[in-house]
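So the structure is just underneath, and the comments pick up after that.
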Amino acid sequence: QVQLVESGGGLVQAGGSLRLSCAASGLSFSSYAMGWFRQAPGKEREFVASISLSGVSTDYGDSVKGRFTISRDNAKNTVDLQMNSLKPENTAVYYCAAARVPSMRKQVYNYWGQGTQVTVSS
């Protein structure tokens with residue numbers, strides 16, 4: 001079955017960096033666009049970043065543009081999210097997801113990981 005497993009979350013001070021990784025199995029990875037979403041307590045799950053099948057095209061939520069970078073390695077079936085200049089409001093559970101096309105809409109995504117907690121202290 002399809003599995004998406006996130007790693008790399010943790011506790012970091014404001015201004016610091018973290019790199020999240022998502023390892024995919026059970027699907028033809030290069031046939032799927034990948035996305036990162038996050039959900040803070042009491043809030044809706046929101047779009048963070050997406051990347052096209054080949055990795056050529058990327059898209060970002062307005063609040064993370066210029067600070068976060070999404071990348072993928074189709075040979076390793078992984079997608080990463082480099083997060084720099086982190087802020088306390090970035091605290092959330094971060095999820096990777098797979099879809100047939102890249103999208104900012106979570107409804108488009110077919111498969112989801114279990115999430116990894118990111119906590120940014122002030």
With rounding to the nearest 0.5 Å, note down the distance linking CZ in Arg72 to CZ in Phe29.
-> 4.0 Å
Nearest heavy-atom contact between Ala23 and Thr78 is CA-CG2, 4.2 Å
Any idea which heavy atoms bring Tyr109 and Ala97 closest together, and the distance?
-> CD2-CB, 3.4 Å
For Cys22, does its backbone N or O pair with a side-chain atom of Glu6 as donor and acceptor, under 3.5 Å?
-> no
Closest heavy-atom contact between Pro102 and Ser52?
-> CG-CA, 4.3 Å
Side-chain atoms of residues 64-71: list all donor-acceptor pairs with protein atoms under 3.5 Å, sequence neighbours left out, distances to 0.1 Å.
unit_1: Lys65; atom_1: NZ; unit_2: Asp62; atom_2: OD1; d: 3.2
unit_1: Arg67; atom_1: NH1; unit_2: Ser85; atom_2: O; d: 2.8
unit_1: Arg67; atom_1: NH1; unit_2: Asn90; atom_2: OD1; d: 3.1
unit_1: Arg67; atom_1: NH2; unit_2: Ser63; atom_2: O; d: 2.9

Can you tell me which residue pairs pass the salt bridge (charged side-chain N to carboxylate O under 4.0 Å, His left out) test with a partner in residues 90-104, sequence neighbours excluded?
-> none
With sequence neighbours left out, what residues match Asp80 under salt bridge (Lys or Arg N to Asp or Glu O under 4.0 Å)?
-> Arg19
Minimum heavy-atom distance Ala98-Tyr32, with the two atoms named | CB-CD2, 4.0 Å
Rounded to the nearest 0.5 Å, what separation is found between the CD atom of Gln107 and the CZ atom of Arg45?
-> 11.0 Å
Would you name the heavy atoms of Asn77 and Asn74 that are closest together and state the gap between them?
-> OD1-O, 3.2 Å
Among the clusters formed by ILVMFWY side chains lying less than 4.5 Å apart, do Val101 and Met104 turn up in the same one?
-> yes
Are Val118 and Val5 in one and the same hydrophobic cluster, where Ile, Leu, Val, Met, Phe, Trp and Tyr link if side-chain heavy atoms are under 4.5 Å apart?
-> no
Non-hydrogen side-chain atoms of Trp36 and Val79 separated by less than 4.5 Å | yes
Residues 85-94 vs salt bridge (charged side-chain N to carboxylate O under 4.0 Å, His left out), sequence neighbours excluded, gives none
Interatomic spacing from CG in Leu81 to OG in Ser21 - rounded to 0.5 Å | 10.0 Å
What pairs with Tyr94 under ring pair (Phe, Tyr, Trp, His ring centres under 6.0 Å), at least two apart in sequence or on another chain?
-> none
When hydrophobic residues are tied together by side-chain contacts of less than 4.5 Å, even through go-betweens, does Val93 share a cluster with Trp112?
-> yes
Sorted by chain and residue number, the salt bridge (Lys or Arg N to Asp or Glu O under 4.0 Å) partners of Arg38 (sequence neighbours excluded) come out as Glu46
Identify the two heavy atoms, one from Leu4 and one from Ala24, that lie closest to each other, and give their separation to 0.1 Å.
-> CD2-CB, 3.5 Å
Distance (rounded to the nearest 0.5 Å) between Ser30 OG and Asp73 CG | 11.5 Å
If we only count heavy atoms from C-beta on, is the Gln117 to Thr91 side-chain gap below 4.5 Å?
-> yes
Linked, directly or transitively: Leu18 and Phe37 (ILVMFWY side chains, under 4.5 Å) | no
Side-chain contact test, heavy atoms from C-beta onward, threshold under 4.5 Å: evaluate it for Val12 versus Met83 and give yes or no.
-> no
If two hydrophobic side chains count as joined below 4.5 Å and joins carry through other members, does Tyr60 share a cluster with Met34?
-> yes
